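Below: the structure, in structure tokens.
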Amino acid sequence: MATEIPPHPDYEPEVAPPSTEQNEPTRGEQMKAAFAVQRGHATARGKEWLATRDLTDADITDAAIRDSEQGRHQAEAQLERRIAQQRARFTTARRMSEHSENRGHNSHLEHLAGEIAMMESQLENLRNQPPALITDREIDKTRTKKKAQRAGIAAAGVFGSVPVLGSAIEQAASGQPMLLAFLGAGAGYGWYLVSRPFDAGQPAPAPTMETQLAAPVDMTKPEPQPGQREFNAPPPPALTSEELDQALRNIGEVKPNEQIQILAVPQRDKEGNTTVVFDLPPRTTVAELKKKLPRLAGALGRDVSMVDIEKAGNEVRTSLWMTDRDPFEDTRPSPLLKAPSQIDAWKDGVPVAWNKRGITIRLAINNQSFVIAGMTRSGKGVGASNLVVGAAFDPRINLRIVAGKNNGEWDPYAKTGVASTYFKPSPERLLALLKALLADKDRRELDLGKLGKSKMVAPVIEQVGGMEVLVIDEVATYTRPGKRLREEIIEALIELSAVAAGAGILLILITQYPEADVIPGALAMNCGARWAMRVENGQQSNAILGGGQASAGRDASKFDPPRPGFGWLVNPFAGVTDLARSFDLDEDERGEITDLLKKAAKIREKAGRLAGQWDDPIERHLLNATGLSSVAGGPKRDGAPGRMVFQLTAEQRQQLEACRGALAAMSDLDRDVAQLDEMAEGIGGSMTADRLGELLRAAGAGPTVKVVIEGRGRVNGYRKGEIVSAQKFLEGN
């Protein structure tokens, strides 16, 4: 038996080095490992892309806003197309109605008009909506939509690329090696892009389960950083269907066994406005609901100025608009200040005010007269100025302005040459003007008959001499009991208002005394458009708006709070009976009326209709009847009629210039008396003392008289008063 010999303590056995052929990976294994890494990167990038983690919240918010705006633009375009279609149908139906034997009540036209009004209201609300309010919910929906889109792209790419790629490889194999090379290069570059390592700023690979479990979870809501979106729930609707139903029941408009049908659910815009369209029970109508508007506003917790009702098609279909803020609280400038261009007052009307919904009210100057009334400082003057200034921008309108006071309120119309006629209080001249307009009415009717027209229509306005608009400010100056020529003036006004509108002669009557003895019923009933601003009592309100209007809720004495230019506006031809506030138009502090009239004067001058540019039959009549002219306010353009220089003879013009020169010389001498030689020297030129004396005598200043001049003693000369009297005579003052 062999005995094992132990190794020597210093003995170290040789260890063979490891075999490189067995431990080092092969070339294929290295490529496989690298591909696995690249595939991991590509997979992570693919997951990041499909999960839209490459898009920040700001990117998603921008996308959500674009989607919302695109949806709104599409809705606006669709509404515009529907409105255009309905308007075309309305035009066709109206033409058919005009040519049919029955031209009376047409329910189809009313239905179309209601549908158009409802859709226009919807379009206006849609256009006034603010940019979309993007909430976290909207952001989540947009991100989900993006994920779905990318998933679809990925699916389409996988399934669609198989036949395409197969076809391309087949073509390359059949003799097109360049195509195969191109495909290979493209695929290689694409693989390079998605298989790169994640650098700084690149999305990180999807976390593993271990990292997810190791990461702490913080359930607290961090404070928003500057510029970061803050989570806020959208505001609740200003009106719910239940609240509307209950309010209608509270005022007795809907009985316990009746129901309303909501057609358009309440929607709230950025201004806090809500519009809802619903059908009333068949027992009642929109007109009946309008009579209860103050009670309905109270039931809804609003002021009457914050609620509006319109008929939206048939008799029971109602469009109710409501706001959270008084729409008349702030003033608004006239749109003409922004765009002072020529307008068609006959067709498009004149912008004068805005209604509850903030929509501009335009009053057409074509077939009705106007009454604007209200107590002192109620803003009736501003409301009237909006109407008259707007009329100045239509050169076919001849403005005749009769002031009720001697102040300069209406002087800008004369100084700019816009007023064809302008004079201050004079009952005699007003009566002469009214008679001239009545005579012109007869002439116009004959011209219309020759043109085959029964009344004034747009195509023949210029052929009969334009539109005549007579503005009488403070009409009570002429029509209150006890005023001189009152009966004759009222009779002429009633006749004009009754029969002259068809010939293109209209009235604008302004008064702070809206009483029956100032504007008799026979006159008021012929003025279709009425604007009642703040008055003292319901009786005065009815004198403007018509009997019974105050009891129906339209009472101009109940404004709380009263605001300048705020009142009830009735315009039956435009279908307007609503609260309105006139645009802010100031002359005393900002000079806005003068600025606008200067622009209107340029339009009129270009059209050849500036005062003095055309043969005016009305002013010709006044000149023949009174011997004085009030064209553009008279010689001094201040409302004082006189002899216009262009109406004087050549000798009279020389006399007038001599008077003016003599007075100027006296002013230079600082004396009220002067001799002929020193006045002639002051005038200069070829003027001699003998010629000056001859002209002054012919002008009516008389011969020289004895005057006392310091340093000369008692000499022959003229006193200032005689020369002033001669000048006034020549100027017609």
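Predicted, not measured: the structure shown is a model, and the values here were computed from it.
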Is any side-chain heavy atom of [Y] closer than 4.5 Å to one of [X]?
X	Y	result
Ile618	Asn398	no
Met666	Ile723	yes
Leu730	Arg643	no
Thr331	Arg581	yes
Asp447	Gln463	no
Val352	Ser582	no
Lys356	Phe328	yes

*Partners of Thr323 by side chain to side chain donor-acceptor pair (under 3.5 Å), sequence neighbours excluded?*
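Side chain to side chain donor-acceptor pair (under 3.5 Å) list for Thr323, sorted by chain: Asn273.
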*asked:* Going by the rule side chain to side chain donor-acceptor pair (under 3.5 Å), which residues pair with Glu587 if we only count those two or more places apart in sequence or in a different chain?
replied: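 Glu587: side chain to side chain donor-acceptor pair (under 3.5 Å) contacts with Thr594.
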Whether the side chain of [X] engages the backbone of [Y] through a donor-acceptor N/O pair (distance < 3.5 Å, no angle test) should be reported.
X	Y	value
Lys441	Ala501	no
Arg400	Leu470	no
Thr479	Val518	yes
Arg534	Met375	no
Glu619	Ser630	yes
Trp321	Glu310	no

*Interatomic distance, Leu506 atom CG to Glu468 atom CD [nearest 0.5 angstrom]*: 9.5 Å
Using a 3.5 Å cut-off and no angle test, enumerate the donor-acceptor pairs between side-chain atoms of residues 337-351 and protein atoms at least two apart in sequence or in another chain.
residue: Asp344; atom: OD1; partner: Trp346; partner atom: N; Å: 3.1
residue: Asp344; atom: OD1; partner: Lys347; partner atom: N; Å: 3.1
residue: Asp344; atom: OD1; partner: Arg396; partner atom: NH2; Å: 2.7

_Taking Glu605 first and then Lys602, would you say they form a salt bridge - that is, a charged N and a carboxylate O separated by under 4.0 Å?_
no
*Got a sec, which pairs hit ring-ring contact (aromatic ring centres under 6.0 Å, His included) with one end in residues 412-467, sequence neighbours left out?*
Trp410-Tyr413
*asked:* For Arg563, give me all partners under salt bridge (Lys or Arg N to Asp or Glu O under 4.0 Å), at least two apart in sequence or on another chain.
replied: Asp326
*Just wondering, more than 12 heavy atoms not from Arg590 lying within 6.0 Å of its CZ?*
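More than 12 heavy atoms, drawn from other residues, nucleotides or ligands, come within 6.0 Å of this atom.
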Review item, side-chain donor-acceptor pairs of residues 491-500, under 3.5 Å, at least two apart:
residue: Ser497; atom: OG; partner: Leu493; partner atom: O; Å: 3.2
residue: Ser497; atom: OG; partner: Ile494; partner atom: O; Å: 2.9
residue: Ser497; atom: OG; partner: Asn526; partner atom: ND2; Å: 3.4

